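Keep in mind that this is a model prediction, so the values were computed, not measured.
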There are 2 protein chains.
Amino acid sequence: MFIFFVTSIQTMGTAERKAKEKEELKNLILQAARKLFAENGIEQTTIRNIAQEIEYSVGTVYVYFKDKNEILHHLHIQGFKQLGGDMRVLASVDDPMERLRALGRVYLRFAIENPDMYELMFSMKAPMEFLETLHNQEWNEGKATFDFLRTTVNQCMEKGHFKGHELEALSFTIWSATHGMASLHINQRIKGVNLCGPETMLDRAYDELVMLINRA
Amino acid sequence: MFIFFVTSIQTMGTAERKAKEKEELKNLILQAARKLFAENGIEQTTIRNIAQEIEYSVGTVYVYFKDKNEILHHLHIQGFKQLGGDMRVLASVDDPMERLRALGRVYLRFAIENPDMYELMFSMKAPMEFLETLHNQEWNEGKATFDFLRTTVNQCMEKGHFKGHELEALSFTIWSATHGMASLHINQRIKGVNLCGPETMLDRAYDELVMLINRA
DNA sequence: AAAGAAAATGAACATCGTTCAATATCTACA
DNA sequence: TGTAGATATTGAACGATGTTCATTTTCTTT
């Protein structure tokens with residue numbers, strides 16, 4: 001599919017080096033973007049800020065990324081890699097019910113510690129809009145994360161839990177409940193609704209969910 | 001605190017009329033904003049659009065509203081009034097468990113039918129940021145809505161359900177689960193995760209939640 | 001060393017929310 | 001009824017944003 005016009009034996013060496021340099025700069029942009037996100041939030045981070053951070057011009061950023069959505073999409077993938085890593089730690093937990101309960105706590109901790117990243121992954125339009133510009137591209141990151149949950153729920157079922165429930169729908173319900181807590185917390189919708197601190201409320205609420213799940 | 005300099009007997013009449021006219025124009029702006037929201041979405045709706053819709057200048061909008069956040073906050077209140085009205089219909093349902101189950105369906109239907117309004121009410125920063133600019137102002141809209149849920153859950157407890165659960169935390173958990181479904185649906189995070197249509201998935205997932213609740 | 005390819009630049013454009021001096025309209029009273 | 005003062009409305013202008021692209025700079029090959 002790709003045709004390279006090779007004009008000499010040495011050309012291939014420099015071409016590889018150039019490709020590596022391009023990749024490095026691309027990563028440098030993403031790294032700067034992520035740093036500025038963590039420092040000032042996504043909304044406050046502009047293309048000009050990113051360019052200034054890596055000491056390149058604005059136009060250069062657009063040489064390496066089609067638009068801001070593509071940058072956000074790449075960071076959204078990085079976020080899923082981090083969350084995936086956090087979740088894989090639980091692979092060592094043998095009892096599926098215990099793993100399921102721990103999974104939600106890992107998920108919630110990730111959301112609380114990386115609120116901007118979480119919003120990018122599960123709320124913002126930008127990364128999904130970029131996904132739509134690609135043809136036939138599916139949301140593999142979300143799929144993989146959900147698969148981990150579904151597999152765990154399935155193992156719970158095999159052990160006799162969740163009788164009468166549907167695997168797919170129940171997994172989605174559990175995801176929804178946990179995501180809902182994270183979402184309401186990040187979007188500051190807990191404030192004013194209860195008396196205790198929002199993080200305490202999250203822990204208590206998750207305990208309630210666990211109680212509901214344990215019964216089934 | 002407010003001092004009116006009244007210069008004649010008739011002054012009060014015209015002052016009232018003026019106040020009413022101001023109120024009417026304010027409502028006209030909100031009405032136009034809401035119409036444009038429904039037509040083109042919140043993100044695509046600009047102050048200039050709103051001004052053009054009501055055939056006033058841009059500056060006029062800023063005479064009646066401090067900034068865009070204030071407009072969004074007013075519409076966010078309107079949304080809660082509508083949702084509150086939808087929910088109050090269920091006051092006639094005697095059995096609290098039945099009312100609780102129906103409450104979630106009403107909530108989900110509202111979210112699906114008014115996605116932009118829902119986002120404004122439960123996700124966007126703007127209305128909460130405006131709330132913070134006010135002095136000592138709490139999120140009364142959210143409180144009132146949550147109270148309806150908490151009251152219902154409390155009545156369920158009085159009938160012997162949810163033994164061992166905490167009222168406040170369990171209510172929040174149920175809200176989270178339902179909100180999570182709405183949020184994932186509106187933010188297009190269901191696509192690609194499952195095979196069936198997203199709305200079918202929502203119904204199935206809510207049924208699973210109901211099963212969990214019924215057991216407790 | 002020079003020509004051609006590749007990379008980097010930053011001024012310029014359209015649009016956004018927002019401001020405010022200037023203008024237009026209306027009100028109250030002689 | 002006419003006029004001064006209050007009130008309401010205007011829209012050009014500002015700064016910031018994402019984005020584009022003709023131009024310039026740098027690198028590569030011969």
Exercise for review: Could you please name the option among dT17(D), dA8(C), dC16(C) that lies closest to any side-chain atom of Arg48(B)?
Suggested key: dC16(C)
Review point. Do Arg105(B) and Asp207(B) meet the salt-bridge criterion of a basic N to acidic O distance under 4.0 Å?
Key: yes
Review point. Hey, which of these two, Thr60(A) or Ile47(A), hits DNA chain D nearer its 5' end, going by closest nucleotide?
Key: Ile47(A)
Check your understanding: To the nearest Å, how far apart are Glu21(A) CD and dT28(D) C1'?
Key -> 12 Å
Review point. Looking at dT9(C), dT19(D), dA8(D), which one has an atom nearest to any side-chain atom of Tyr64(B)?
Key: dA8(D)
Study note, to complete from the structure: note: Lys20(B), atom NZ; dA8(D), atom P; distance rounded to Å ~ 16 Å
Review point. Please give, in whole Å, the distance from dG18(D) C1' to Lys66(A) NZ?
Key: 13 Å
Study note, to complete from the structure: Whole-Å distance, Lys22(A) NZ to dA7(C) P, equals 5 Å
Check your understanding: Within this structure, what is the CD-to-P distance between Gln44(B) and dG17(C), rounded to whole angstrom?
Key -> 11 Å
Check your understanding: Taking the six-membered ring for Trp, are Phe130(B) and His74(B) parallel (under 30°), tilted (30 to 60°) or perpendicular (over 60°)?
Key -> tilted
Practice item. Whole angstrom is fine here: how far is it from CD1 in Ile71(B) over to P in dG17(C)? Key: 9 Å
Study note, to complete from the structure: Phe65(A) atom CZ is separated from dT20(D) atom C1', nearest whole Å, by 18 Å
**Study point:** Polar side chain donor-acceptor pair, His185(A) to Tyr118(A), under 3.5 angstrom
**Key:** no
Check your understanding: So, Glu132(A) and Lys125(A), do they make that salt bridge, N to O below 4.0 Å?
Key -> no
Review point. From dT18(C), dG18(D), dC16(C), pick the nucleotide closest to the side chain of Thr46(B)?
Key: dC16(C)
Check your understanding: When you measure from the side chain of Tyr56(A), which nucleotide among dT9(D), dT9(C), dT19(D) comes out closest?
Key -> dT9(C)
Check your understanding: Under the ring pair (Phe, Tyr, Trp, His ring centres under 6.0 Å) criterion, do Trp139(B) and Phe80(B) qualify, and how do the steps go?
Key -> CA-CA 11 Å; Trp139(B) 192 40; Phe80(B) 272 101; 5.6 Å; yes
Exercise for review: Find the distance Glu43(B):CD to dG17(C):C1' and express it as a whole number of Å.
Suggested key: 15 Å
Review point. Is there a side-chain polar atom (N or O) of Tyr62(B) under 4.0 Å from OP1 or OP2 of dT18(C)?
Key: yes
Point to revise | 5'-most by nearest nucleotide on DNA chain C - Leu25(A) or Thr45(B) | key: Leu25(A)
